[in-house]
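Numbered from 1 within each chain, the chains take letters A, B, ... in sequence-line order. These numbers come from the heavy atoms of this one structure, side chains and all, not from hydrogens, waters or symmetry mates. The shown structure was predicted, so the numbers you read here are calculated from the model rather than taken from an experiment.
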Amino acid sequence: MGPATKKTSTPESKANLILAAVRQIPRGKVSSYGQIAAVAGLPRCARLVGTVLRTHPNTRGLPWHRVINSSGRISFPLGSDAYARQRKLLEREGVDFIGQRINMKRFSWPPGNDLDEHLWFMP
DNA sequence: ACAATGACGCCTC
DNA sequence: AGAGGCGCCATTG
(Lines give C-alpha, C1' and ligand atoms only; values in the text may rest on other atoms or scores of the structure.)
Protein backbone atom coordinates (compact mmCIF):
# COMPACT_ATOMS: atom_id res chain seq x y z
CA MET A 1 0.00 0.00 0.00
CA GLY A 2 1.32 3.41 -0.98
CA PRO A 3 1.40 6.52 1.21
CA ALA A 4 -1.73 7.85 -0.50
CA THR A 5 -3.79 4.91 0.75
CA LYS A 6 -5.28 6.37 3.88
CA LYS A 7 -8.92 6.23 2.91
CA THR A 8 -10.78 3.53 4.83
CA SER A 9 -14.26 3.87 3.37
CA THR A 10 -14.12 3.94 -0.37
CA PRO A 11 -17.27 3.83 -2.50
CA GLU A 12 -16.07 0.40 -3.51
CA SER A 13 -16.00 -0.91 0.04
CA LYS A 14 -19.43 0.53 0.68
CA ALA A 15 -20.71 -1.23 -2.39
CA ASN A 16 -19.34 -4.48 -1.05
CA LEU A 17 -21.08 -3.98 2.28
CA ILE A 18 -24.32 -3.37 0.44
CA LEU A 19 -23.94 -6.37 -1.83
CA ALA A 20 -23.18 -8.55 1.18
CA ALA A 21 -26.35 -7.34 2.87
CA VAL A 22 -28.45 -8.08 -0.19
CA ARG A 23 -27.05 -11.58 -0.34
CA GLN A 24 -28.38 -12.18 3.17
CA ILE A 25 -32.01 -11.78 2.20
CA PRO A 26 -33.53 -15.25 2.37
CA ARG A 27 -35.47 -16.72 -0.50
CA GLY A 28 -39.14 -15.79 -0.35
CA LYS A 29 -38.44 -12.64 1.67
CA VAL A 30 -37.94 -9.00 0.72
CA SER A 31 -36.17 -6.01 2.21
CA SER A 32 -36.31 -2.29 1.57
CA TYR A 33 -33.45 -0.17 0.29
CA GLY A 34 -33.32 1.57 3.63
CA GLN A 35 -33.26 -1.69 5.54
CA ILE A 36 -30.42 -3.01 3.44
CA ALA A 37 -28.49 0.18 4.04
CA ALA A 38 -29.00 -0.26 7.77
CA VAL A 39 -27.94 -3.91 7.71
CA ALA A 40 -24.86 -2.85 5.76
CA GLY A 41 -24.04 -0.39 8.52
CA LEU A 42 -24.74 2.59 6.29
CA PRO A 43 -27.78 4.37 7.69
CA ARG A 44 -29.38 7.09 5.57
CA CYS A 45 -27.89 5.53 2.46
CA ALA A 46 -31.05 4.04 0.99
CA ARG A 47 -30.44 5.88 -2.25
CA LEU A 48 -26.97 4.49 -2.46
CA VAL A 49 -28.35 0.96 -2.35
CA GLY A 50 -30.36 1.71 -5.47
CA THR A 51 -27.34 3.29 -7.12
CA VAL A 52 -25.17 0.26 -6.40
CA LEU A 53 -27.73 -2.17 -7.76
CA ARG A 54 -28.20 0.00 -10.83
CA THR A 55 -24.53 0.53 -11.62
CA HIS A 56 -23.01 -2.74 -10.55
CA PRO A 57 -22.00 -4.76 -13.63
CA ASN A 58 -22.34 -8.31 -12.39
CA THR A 59 -25.59 -8.79 -10.54
CA ARG A 60 -25.67 -12.40 -11.56
CA GLY A 61 -26.21 -14.63 -8.55
CA LEU A 62 -27.30 -11.61 -6.54
CA PRO A 63 -30.90 -11.61 -5.24
CA TRP A 64 -31.41 -7.99 -6.29
CA HIS A 65 -35.10 -8.64 -6.91
CA ARG A 66 -35.68 -9.03 -3.17
CA VAL A 67 -35.04 -5.34 -2.65
CA ILE A 68 -38.11 -3.14 -2.85
CA ASN A 69 -39.05 0.26 -1.49
CA SER A 70 -40.34 1.02 1.97
CA SER A 71 -43.90 1.31 0.77
CA GLY A 72 -43.84 -2.37 -0.16
CA ARG A 73 -43.76 -1.79 -3.89
CA ILE A 74 -41.35 -2.47 -6.72
CA SER A 75 -39.42 0.67 -7.55
CA PHE A 76 -39.66 0.35 -11.31
CA PRO A 77 -42.41 2.02 -13.32
CA LEU A 78 -45.49 -0.14 -13.53
CA GLY A 79 -45.63 -1.64 -16.99
CA SER A 80 -41.88 -1.55 -17.59
CA ASP A 81 -39.96 -4.69 -18.45
CA ALA A 82 -37.91 -4.30 -15.31
CA TYR A 83 -41.08 -4.25 -13.22
CA ALA A 84 -42.40 -7.41 -14.81
CA ARG A 85 -39.04 -9.11 -14.47
CA GLN A 86 -38.70 -8.38 -10.78
CA ARG A 87 -42.28 -9.26 -10.00
CA LYS A 88 -41.97 -12.57 -11.76
CA LEU A 89 -38.88 -13.50 -9.80
CA LEU A 90 -40.59 -12.64 -6.52
CA GLU A 91 -43.81 -14.48 -7.27
CA ARG A 92 -41.77 -17.44 -8.40
CA GLU A 93 -40.40 -17.76 -4.88
CA GLY A 94 -43.72 -17.33 -3.15
CA VAL A 95 -43.97 -13.62 -2.45
CA ASP A 96 -47.60 -12.53 -2.72
CA PHE A 97 -48.81 -9.27 -4.20
CA ILE A 98 -51.99 -7.49 -3.25
CA GLY A 99 -52.47 -5.29 -6.26
CA GLN A 100 -48.95 -3.92 -6.65
CA ARG A 101 -48.09 -4.20 -3.02
CA ILE A 102 -46.32 -6.76 -0.87
CA ASN A 103 -47.48 -7.37 2.67
CA MET A 104 -44.38 -6.38 4.63
CA LYS A 105 -45.78 -7.90 7.80
CA ARG A 106 -45.35 -11.27 6.22
CA PHE A 107 -42.41 -11.00 3.86
CA SER A 108 -40.02 -8.38 5.12
CA TRP A 109 -36.54 -9.22 6.25
CA PRO A 110 -35.07 -8.82 8.78
CA PRO A 111 -38.17 -9.79 10.75
CA GLY A 112 -39.42 -7.41 13.42
CA ASN A 113 -39.92 -8.62 16.97
CA ASP A 114 -43.56 -8.05 16.35
CA LEU A 115 -45.97 -10.90 16.71
CA ASP A 116 -47.93 -9.81 13.69
CA GLU A 117 -45.73 -11.93 11.48
CA HIS A 118 -47.06 -15.05 13.16
CA LEU A 119 -50.73 -14.25 12.79
CA TRP A 120 -51.07 -13.22 9.22
CA PHE A 121 -53.87 -15.83 8.82
CA MET A 122 -55.68 -14.37 5.81
CA PRO A 123 -55.84 -10.73 4.81
C1' DA B 1 -15.76 21.82 -9.71
C1' DC B 2 -20.78 22.26 -10.38
C1' DA B 3 -25.43 20.79 -11.61
C1' DA B 4 -28.45 17.24 -12.65
C1' DT B 5 -30.04 12.64 -11.73
C1' DG B 6 -31.76 8.50 -9.34
C1' DA B 7 -33.89 0.84 -8.24
C1' DC B 8 -34.99 6.15 -1.55
C1' DG B 9 -37.50 7.70 2.72
C1' DC B 10 -39.85 10.63 5.88
C1' DC B 11 -42.89 14.31 6.98
C1' DT B 12 -46.87 17.33 5.75
C1' DC B 13 -50.83 18.41 3.71
C1' DA C 1 -54.55 7.25 0.80
C1' DG C 2 -52.05 9.87 -2.46
C1' DA C 3 -49.13 13.77 -3.85
C1' DG C 4 -45.61 17.09 -3.09
C1' DG C 5 -41.46 18.88 -0.77
C1' DC C 6 -37.01 18.22 1.08
C1' DG C 7 -32.86 15.79 2.81
C1' DC C 8 -29.68 12.27 1.77
C1' DC C 9 -25.43 10.36 -0.96
C1' DA C 10 -22.88 8.47 -4.82
C1' DT C 11 -22.81 8.63 -9.96
C1' DT C 12 -22.89 11.33 -14.46
C1' DG C 13 -22.61 14.82 -17.78
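At a threshold of 4.0 angstrom between heavy atoms, the contacts of A/Arg85 with the nucleic acid are absent.
Judged purely by atom type and a 3.5 angstrom limit, A/Lys29 uses its side chain to pair as donor or acceptor with the backbone of A/Arg106.
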Worksheet item: Can you give one letter per nucleotide of nucleotides 6-13 of chain B, going 5' to 3': B for a protein heavy atom under 4.0 Å from the base, S for sugar-phosphate only, - for none?
Response: BBBSS---
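Rounded to the nearest 0.5 Å, atoms CG (A/Asp96) and CG (A/Asn103) are 9.0 Å apart. The distance from atom CD of A/Gln100 to atom CZ of A/Arg87, rounded to the nearest 0.5 Å, is 7.5 Å.
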Practice prompt. For the pair A/Gln35 and A/Trp109, evaluate side-chain contact (heavy atoms from CB on, under 4.5 Å) and give the outcome as yes or no after the intermediate values.
Written response: CA-CA 8 Å; A/Gln35 271 297 327; A/Trp109 179 91; over 6 Å; no
Discussion item. A/Arg23 vs A/Leu62, test: side-chain contact (heavy atoms from CB on, under 4.5 Å). Steps then yes/no.
Written reply: CA-CA 6 Å; A/Arg23 276 188 272 267; A/Leu62 184 77; 3.7 Å; yes
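For the pair A/Arg44 and A/Arg73, both in contact range of DNA chain C, the more 5′-proximal nearest nucleotide belongs to A/Arg73.
One interatomic measurement links the two molecules: CG of A/Leu17 to P of C/dC9, which rounds to 16 Å at whole-angstrom precision.
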